[in-house]
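The structure appears below as structure tokens.
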Number of protein chains: 2
Amino acid sequence: MPPEAYYSIHPKFHSAVDCIIFGFDEGELSLLLLQRNFEPAKGQWSLMGGFVQEGESLDDAARRVVEELTGLDDLYMRQVHTYGDLGRDPGERVLSTAYYALVDIKKYDRQLVKAHNAHWVKLPDTPHLIFDHDRMVKDALRFMRYQATVKPVGINLLPEEFTLTQLQALYEAILGEPIDKRNFRKRIAAMDYIEKTGGIDKTLSRKGAALYRFNRDKYDGNFKI
Amino acid sequence: MPPEAYYSIHPKFHSAVDCIIFGFDEGELSLLLLQRNFEPAKGQWSLMGGFVQEGESLDDAARRVVEELTGLDDLYMRQVHTYGDLGRDPGERVLSTAYYALVDIKKYDRQLVKAHNAHWVKLPDTPHLIFDHDRMVKDALRFMRYQATVKPVGINLLPEEFTLTQLQALYEAILGEPIDKRNFRKRIAAMDYIEKTGGIDKTLSRKGAALYRFNRDKYDGNFKI
DNA sequence: CCGAAAAGTGTTGTATTTACACTTTATAAT
DNA sequence: ATTATAAAGTGTAAATACAACACTTTTCGG
């Protein structure tokens, strides 16, 4: 067998990425979903996705796809799983790798989102999605939840500076259960990498709440995010 | 755009699977590795891998590849990650999905393994592997370790019936640290799905050790493996 | 100056985890 | 028969982590 035949006797496939884009708003997790104004499956709901191109890595493809929709290029993203069943895309055979992304919901590019006919949907209100996208969301959510219990990834869903009340609401949304306020604050206080900025947020209460930020250097000192 | 063009304007890629095959022997985790007697990278060490074919799912491809080497077709396998960097295979562009498999090291097909020039290598003695296979092993090990702390997947590395001493040695190998015997047995005793068979193993001690088995029904009753 | 509404603050009991060492048993050797 | 051997098997107490719980403070608007 000549060396190049080693590869060429095998089939090739379309490779796609599909992105589960999480946001946090009004105390609930949200997903950025497309109501497809294009074929295939026009009119139905789906994740934002795209095909991997020559000259771009799988991770790069996922970043590109998310940036096309949100305009944001430095999001926290993680690969979830690759879906390779035969009939998963009824059009042609496509292997698709799911990534989740965490977005500060105040920051995305509204023009782009509108142009794609995309909408933020609160997680419990998620409509049925095309292909195996429902399963992708389920898997991504489970993975993101697990990661959030292990490392403070959730912070990527909040603005730079945040109050402890916001942070608690976020974790309640991620874990899907109420958290005791005093126990929560005790736990946060023990994390030296979540530090007071000195600022006070008065938009939500007369008294005002102390603002905190995530100190990446102090965290990386402990172990890798 | 005609509907078929939606797909055809995008490139296709070779898709492969690479399998991290774990065994347990003499108190240590082992890997089943190929010393390649074929191109490319002949003479070097690698994981067992293969290309995804038309008409088989990604999971099926992984099962086929492991069966080709071991003769075993009902192994515990899990997808780990998909590697899609540009230069990862220096020959052509290949996207590869890693799976780990757990093998009862007494059971594999020695003929097949010999024919592939494969060898069981104790984990600490793992040689340098081609391409990004070192990283795959690292990622698979981390994932398998995590899973083993959450559900009793490790049992797939032991024979049907096993002693508590074996089980403890297995978990010490997986976690890489010694475990207190009494605390370990207390924990196991609380798991009703690990049950005495009534048999006694006398190969390892004069006194003989009680044999146990994993009761899948009782376990699934609690939650999914 | 009073009401409202969110921010902030400690203690105690319960459950879980860890540390720790000797006895039992069957066989092989003498 | 006796003894030496080597692994199997067994319980308790201390330490730590986790969970439950309610009132006070602060500021501003009315």
Side-chain angles (χ1 to χ4, degrees), chain A residues 24-28 145-146 148-152 155 158-159 161-192 194-214 222-223, chain B residues 24-28 145-146 148-152 155 158-159 161-192 194-214 222-223:
Chain A
F24 175 65
D25 198 28
E26 296 172 19
E28 291 206 71
R145 272 193 179 136
Y146 160 66
T149 63
V150 174
K151 37 191 187 178
I155 281 177
L158 293 178
E161 306 203 345
F162 50 86
T163 68
L164 292 185
T165 303
Q166 284 177 288
L167 187 62
Q168 181 177 344
L170 171 64
Y171 273 88
E172 288 175 331
I174 291 176
L175 304 176
E177 56 189 18
I179 301 173
D180 179 87
K181 183 160 60 155
R182 278 175 287 189
N183 291 337
F184 180 77
R185 284 168 181 247
K186 236 182 299 174
R187 236 177 303 141
I188 300 299
M191 301 174 184
D192 61 340
I194 296 182
E195 59 189 17
K196 266 192 175 140
T197 67
I200 292 177
D201 177 278
K202 294 216 172 180
T203 60
L204 288 163
S205 77
R206 306 200 202 292
K207 183 180 179 182
L211 285 165
Y212 288 76
R213 79 164 76 84
F214 176 68
N222 305 342
F223 46 115
Chain B
F24 176 65
D25 197 30
E26 297 173 19
E28 291 206 69
R145 273 191 180 138
Y146 160 67
T149 63
V150 175
K151 37 192 187 178
I155 281 177
L158 293 177
E161 305 203 346
F162 49 85
T163 68
L164 292 185
T165 304
Q166 284 176 289
L167 187 62
Q168 182 177 344
L170 171 64
Y171 273 87
E172 288 176 332
I174 291 175
L175 304 176
E177 56 189 18
I179 302 173
D180 178 88
K181 184 161 59 155
R182 279 175 288 189
N183 293 336
F184 180 76
R185 285 167 182 246
K186 236 183 299 174
R187 235 177 305 142
I188 300 300
M191 301 175 185
D192 61 340
I194 296 182
E195 59 189 16
K196 266 191 173 143
T197 66
I200 292 177
D201 177 278
K202 294 215 170 182
T203 59
L204 289 162
S205 78
R206 307 200 203 293
K207 184 181 179 183
L211 285 166
Y212 289 76
R213 80 163 77 83
F214 176 67
N222 304 343
F223 47 116

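Throughout, a chain's letter reflects where its sequence line sits, starting with A, and its residues are numbered from 1.
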With side chains defined as the heavy atoms from C-beta onward, is the minimum distance between A:Y171 and A:I179 less than 4.5 Å?
yes

Heavy-atom closest pair, residues A:E161 and A:R213:
OE2-NH2, 4.2 Å

Please list, for nucleotides 25-29 of chain D, all pairs of protein and nucleotide N/O atoms separated by less than 3.5 Å.
residue : atom : partner : partner atom : Å
D:dT25  : O2   : A:K207  : NZ           : 3.0
D:dC28  : OP1  : A:K202  : NZ           : 3.2
D:dC28  : O2   : A:R206  : NE           : 3.2

Just say parallel, tilted or perpendicular for the rings of A:Y212 and A:F162, cut-offs at 30° and 60°.
parallel

Minimum heavy-atom distance between A:G208 and A:K202, given as atom pair plus value
CA-CG, 4.1 Å

Going by the rule side-chain hydrogen bond (donor to acceptor under 3.5 Å, both in side chains), which residues pair with B:K186 if we only count those two or more places apart in sequence or in a different chain?
B:N183

Nearest-nucleotide 5' precedence on DNA chain C, A:K196 against A:L204:
A:L204

May I ask you to test the A:L204-A:T165 pair for a side-chain heavy-atom distance under 4.5 Å?
no

Are any of B:T165's side-chain N or O atoms less than 4.0 Å away from OP1 or OP2 of D:dA8?
yes

Sorted by number, residues from residues 174-190 of chain A placing a heavy atom under 4.0 Å from DNA chain D are A:D180, A:R182, A:N183, A:K186

At a 4.0 Å cut-off to heavy atoms of chain B, the contacted part of DNA chain C spans C:dT18 to C:dA28

Does the side chain of A:F184 reach to within under 4.5 Å of the side chain of A:L167, using non-hydrogen atoms?
yes

Describe the nucleic acid contact of A:L164 in one word from base, sugar-phosphate, nothing, applying a heavy-atom distance below 4.0 Å.
nothing

Do A:L211 and A:I200 have side-chain heavy atoms sitting under 4.5 Å apart?
no

A:D201: partners by salt bridge (charged side-chain N to carboxylate O under 4.0 Å, His left out), with sequence neighbours left out:
none

With sequence neighbours left out, the residues meeting salt bridge (charged side-chain N to carboxylate O under 4.0 Å, His left out) with B:R185 are none

